[in-house]
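Side-chain atoms are counted along with the backbone in the values below, which use heavy atoms only and exclude waters and symmetry mates. We count residues from 1, following the sequence as given.
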Amino acid sequence: MLQLQTLRDKKDTIITALKKRNIDAAPMVDEVLLLDEKRRSTQTELDNTLAESNKLSKEIGMLYKTGKAQEANVLKEKTSTLKEESKRLGDELSAVAEQLQQLLFQIPNVPHNSVPAGNSEEDNEEVFKEGDIPALTEGALPHWELAKKYDIIDFELGVKIAGAGFPVYKGKGARLQRALISYFLDKNTEAGYTEMQVPHMVNETSGYGTGQLPDKEGQMYHVGADDLYLIPTAEVPVTNIFRDEIVNDQDFPICLTAYTPCFRREAGSYGAHVRGLNRLHQFDKVEIVRVEHPEKSYDALDGMVEHVKTILKELKLPYRILRLCGGDLGFTAALTFDFEVFSTAQDRWLEISSVSNFEAYQANRLKLRYKDENGKSQLAHTLNGSSLALPRVLAGILENYQTAEGIRIPEVLVPYCGFDMIK
């Protein structure tokens, strides 16, 4: 959520920057500022009314003490009117504040200066590419056919149990999945991230805290009876650990990692590009989250990008990094780098990680602050990244490591799997 003071001070700059997202934010920003002015004037009027009421109450007390009951009773009638007025103003203030808050929730984060203009993923900027694309033998198969051939993932069984988008991993497929989770967590903890185990459901306040609500409400599974949401990413529960907290300046950087299943409705997803593991309703992901001093958050972002690169180098998968354009940038992000692995059998790039800096946008919603050197509370910066999302990494391994004899296991994963080939 953008800060009101920033909107007041830099209105035109913010409106211009948000054009990178292909939106005209001027009407919303103008409405926000009008509501804020109304909120402040109503607050002033309420404060004055309450002050006058308190003043009269003291006078009434003094009049009763000095035996001037008749004069006191006259003032009591006036205080009764003031109490009614203060209640009216309080109700009006609450309504305006709620209206203002809901409108602020609808304004996305301001893109970083380096974010390129663009309308869709076609306009994203490739900033790095590494790894050789393997030359597969004739008759190479996409991962959903490999999964069936080697009996390691059963998509039809998942449909029977839950529905499309809920695969069942079997035998060496399940072991490879578990190996990837352990490997990712080990790499993250070796890099200084503290491992966490967090709830797989969150309340509405947590959803608003990290910006999934109201923006992605239609994509989240909602348990109505309990008013809880299945998490779309570990980012939500992990970052909400710090909601309504004031951290110490010397605590930076705060680095956490967590493995969770993730749940997304993915409404409207269909076609060949969502076959197999390409698009799921339930999938596993290992996440990294950082809480940083504002002056160091972009250095931290660079460090997170380099960390994910080391993992993909060890897996020996061909990958590229994209800087997302304004039209493809997530609602809460100021700058995002997407990692994509090349699926040789599908002849296309598959997104496997997003690494983002939210600057103070999430922190403002979360009321996540720190004390600066002068003892003044300031908003921290938050960042997160996939390290990594498993389905498409697994798809890339199955497709790029397939041979006539079977599917080789990346060398770095063999100690975790206990086998080096799926035959």
Could you give the distance from [atom1] ([X]) to [atom2] ([Y]), rounded to the nearest 0.5 Å?
{"X": "N364", "Y": "Q3", "atom1": "CG", "atom2": "CD", "answer": "5.0 Å"}
{"X": "L141", "Y": "L136", "atom1": "CG", "atom2": "CG", "answer": "9.5 Å"}
{"X": "F419", "Y": "R175", "atom1": "CZ", "atom2": "CZ", "answer": "5.0 Å"}
{"X": "N188", "Y": "C255", "atom1": "CG", "atom2": "SG", "answer": "10.5 Å"}
{"X": "K55", "Y": "N48", "atom1": "NZ", "atom2": "CG", "answer": "11.5 Å"}
{"X": "T44", "Y": "R39", "atom1": "OG1", "atom2": "CZ", "answer": "9.5 Å"}

Are [X] and [Y] side-chain neighbours, meaning at least one heavy-atom pair lies under 4.5 Å?
{"X": "S386", "Y": "V286", "answer": "no"}
{"X": "E130", "Y": "K313", "answer": "yes"}
{"X": "I288", "Y": "H307", "answer": "yes"}
{"X": "H381", "Y": "Q362", "answer": "no"}
{"X": "L280", "Y": "P167", "answer": "yes"}
{"X": "L390", "Y": "Q177", "answer": "yes"}
{"X": "F184", "Y": "I311", "answer": "yes"}
{"X": "V291", "Y": "F252", "answer": "yes"}

Which pair of heavy atoms, one from [X] and one from [Y], lies closest together, and at what distance?
{"X": "I407", "Y": "I397", "answer": "CG2-O, 4.3 Å"}
{"X": "Y150", "Y": "G406", "answer": "OH-CA, 3.4 Å"}
{"X": "P318", "Y": "N400", "answer": "CD-ND2, 3.9 Å"}
{"X": "P134", "Y": "T344", "answer": "O-CG2, 3.5 Å"}

Taking atom [atom1] of [X] as the centre, does the number of heavy atoms from other residues, nucleotides or ligands within less than 6.0 Å exceed 12?
{"X": "K216", "atom1": "NZ", "result": "yes"}
{"X": "D132", "atom1": "CG", "result": "no"}
{"X": "E295", "atom1": "CD", "result": "no"}
{"X": "Q250", "atom1": "CD", "result": "yes"}
{"X": "E411", "atom1": "CD", "result": "no"}

Would you find a donor on one side and an acceptor on the other, under 3.5 Å apart, between the side chain of [X] and the backbone of [Y]?
{"X": "Q402", "Y": "E399", "value": "yes"}
{"X": "T403", "Y": "E405", "value": "yes"}
{"X": "S182", "Y": "A179", "value": "no"}
{"X": "T233", "Y": "E235", "value": "yes"}
{"X": "N248", "Y": "D251", "value": "no"}
{"X": "N240", "Y": "V236", "value": "yes"}
{"X": "R21", "Y": "G326", "value": "no"}
{"X": "S53", "Y": "L50", "value": "no"}
{"X": "K20", "Y": "V115", "value": "yes"}
{"X": "N357", "Y": "E359", "value": "yes"}

*After noting the C-alpha distance and the side-chain angles of D151 and K170, does the key distance pass the salt bridge (Lys or Arg N to Asp or Glu O under 4.0 Å) rule?*
CA-CA 7 Å; D151 195 26; K170 303 168 64 178; 2.8 Å; yes

Modelled atom types, side-chain donor and acceptor of [X] and [Y], under 3.5 Å:
{"X": "R8", "Y": "Q5", "result": "yes"}
{"X": "R290", "Y": "Y193", "result": "yes"}
{"X": "Q346", "Y": "N278", "result": "yes"}
{"X": "D338", "Y": "S354", "result": "yes"}
{"X": "D154", "Y": "Y169", "result": "no"}
{"X": "T210", "Y": "Q212", "result": "yes"}
{"X": "E98", "Y": "Q102", "result": "yes"}

*asked:* According to ring pair (Phe, Tyr, Trp, His ring centres under 6.0 Å), does anything in residues 81-124 pair up with another residue at least two apart or in another chain? List the pairs.
replied: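 Ring pair (Phe, Tyr, Trp, His ring centres under 6.0 Å) check on residues 81-124 returns F105-Y208, H112-Y298.
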
*Under the criterion side-chain contact (heavy atoms from CB on, under 4.5 Å), which of V247, I246, I241, L379 is the partner of L368?*
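Going through the options one by one, the only one that passes is V247.
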
Residues [X], [Y]: salt bridge by 4.0 Å N-O rule:
{"X": "E245", "Y": "R243", "result": "no"}
{"X": "E84", "Y": "K87", "result": "no"}
{"X": "R392", "Y": "E340", "result": "no"}
{"X": "K148", "Y": "E145", "result": "no"}
{"X": "R88", "Y": "D91", "result": "no"}

*Taking the six-membered ring for Trp and the single ring otherwise, decide whether the centroids of H293 and Y370 are under 6.0 Å apart.*
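When the ring centroids of H293 and Y370 are compared, they turn out to be within the sub-6.0 Å range.
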
*Quick check, are the ring centers of Y229 and Y221 under 6.0 angstrom apart?*
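Y229 vs Y221: aromatic centres not under 6.0 Å.
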
_Does the Lys NZ or Arg CZ of K129 fall within the cation-pi geometry relative to Y319 - under 6.0 Å from the ring centre and within 45° of the axis?_
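Cation-pi check for K129 and Y319: fails.
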
*asked:* Both conditions, 6.0 Å and 45 degrees, for the charged tip of K309 above the ring of F128: are they met here?
replied: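 Here K309 passes the 6.0 Å and 45° test against F128.
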
*Not counting sequence neighbours, which residues clear salt bridge (charged side-chain N to carboxylate O under 4.0 Å, His left out) with E121? List them please.*
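For E121 there are no salt bridge (charged side-chain N to carboxylate O under 4.0 Å, His left out) partners, ignoring immediate neighbours.
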
*Take K316 and E314 through the salt bridge (Lys or Arg N to Asp or Glu O under 4.0 Å) test and state the conclusion after the steps.*
CA-CA 5 Å; K316 297 180 180 177; E314 289 189 359; over 6 Å; no

*Apply salt bridge (Lys or Arg N to Asp or Glu O under 4.0 Å) to D299 and K296, showing your working.*
CA-CA 5 Å; D299 287 338; K296 298 180 180 178; over 6 Å; no

